[in-house]
Amino acid sequence: MQRSISHQKPVVSFVYVILFVLYDSLGSMNPFFPPLLAVLYVFFIKALDRKDLISLLFVVICLIVFEVNYGYMLFSSVIYFYILYKIIMPKIAQNSSCSVCIRIFSVILVYLGYFLFLTLMANVFLLPQPSLNYYIVYYIVIEFFLVSIL
């Protein structure tokens, strides 16, 4: 059975997951590798906009690998990204027409907002507080440039 030429989807998403797992494992050992959380957020919202369940599943797998490597609560990043996408970002987009400003706010909210979300979840479930490292400014700058390319 042949696939239609117009409906071919490359099977590179699985390769991206494997590469992300390897990169994230190296990133957990070396703090100079950013965790690519904002890039995953961009892929997450693109998959939600296109209603592409396979891509969304692969992004969720990458987010779970991120959470496991850094010791965060399971599915906390998926829940936070969905809240950010559905509630917070529409308010920011409504109040600002500058696309660069929206990208900057989204990268900052992905990192600092996720830390605040983890702190809130730790207080609710009486878990240890997550630690904020000082590399977060470096991560925000690097990932802003990566998100700008996407």
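- No single ILVMFWY cluster, assembled from side-chain heavy atoms under 4.5 Å apart, contains both Tyr138 and Tyr134.
- Two residues are said to be in side-chain contact when any heavy atoms from C-beta on lie closer than 4.5 Å; Met89 and Leu109 meet this criterion.
- Rounded to the nearest 0.5 Å, atoms CD1 (Ile140) and CG (Leu112) are 4.5 Å apart.
- The closest side-chain heavy-atom distance from Val100 to Phe144 is below 4.5 Å.
- The only option from Phe115, Tyr114, Phe117 that meets the ring pair (Phe, Tyr, Trp, His ring centres under 6.0 Å) definition with Tyr72 turns out to be Tyr114.
- Between Arg50 and Ser55 there is a side-chain heavy-atom pair separated by less than 4.5 Å.
- The CD1 atom of Ile61 sits 10.0 Å away from the CG atom of Leu56 when rounded to the nearest 0.5 Å.
- Here the straight-line distance linking atom CG of Leu26 with atom OH of Tyr23 works out to 9.0 Å at 0.5 Å rounding.
- Here the closest non-hydrogen pair linking Asn69 and Ser25 is ND2-N, 3.7 Å.
- Within 6.0 Å of CZ on Phe75 lie no more than 12 heavy atoms contributed by other residues, nucleotides or ligands.
- Separating the CD1 atom in Ile87 from the CD1 atom in Ile92 is a distance of 12.5 Å, to the nearest 0.5 Å.
- A search for side chain to side chain contact (heavy atoms under 4.5 Å, CB included) contacts involving Val110 returns Leu37, Ala38, Tyr41, Phe81, Leu84, not counting sequence neighbours.
- In this structure, Leu63 and Phe43 have side chains that are not in contact, with every pair of non-hydrogen atoms separated by 4.5 Å or more.
- Ser96 approaches Ile102 most closely through the heavy-atom pair O-CD1, 3.7 Å.
- Judged purely by distance below 3.5 Å, without hydrogens or angles, the side chains of Tyr85 and Asp49 pair a donor atom with an acceptor atom.
- Shortest non-hydrogen contact noted between Glu143 and Leu36 is OE2-N, 2.7 Å.
- Tracing side-chain contacts under 4.5 Å through hydrophobic residues (I, L, V, M, F, W, Y), one reaches Val78 starting from Val124; they form part of the same cluster.
- Residues Leu116 and Tyr80 are not in side-chain contact: their nearest non-hydrogen atoms beyond the backbone lie 4.5 Å or more apart.
- Here the CD1-CD1 distance, from Ile88 to Ile83, works out to 7.5 Å after rounding to the nearest 0.5 Å.
- Smallest separation of non-hydrogen atoms from Leu118 and Ser76: CD2-OG, 3.6 Å.
- Tracing side-chain contacts under 4.5 Å through hydrophobic residues (I, L, V, M, F, W, Y), one reaches Val68 starting from Phe125; they form part of the same cluster.
- Ring-plane geometry between Phe32 and Tyr135 is classed as perpendicular, the angle between the planes exceeding 60 degrees on a 0 to 90 degree scale with a lower cut at 30.
- Side chains of Leu53 and Leu57 form no contact here, defined as non-hydrogen atoms less than 4.5 Å apart.
- Residues Tyr111 and Pro35 meet the side-chain proximity criterion, which asks for heavy atoms closer than 4.5 Å.
- Gln129 is listed as a side-chain neighbour of Asn123, based on a closest heavy-atom distance under 4.5 Å.
- Note: the hydrophobic cluster containing Phe105 also contains Phe145 (ILVMFWY, side chain heavy atoms under 4.5 Å, direct or indirect links).
- Taking CG of Leu40 as the reference point, atom CZ of Phe58 lies at 13.5 Å (rounded to 0.5 Å).
- The ring-ring contact (aromatic ring centres under 6.0 Å, His included) test applied to Tyr82 returns no partner, not counting sequence neighbours.
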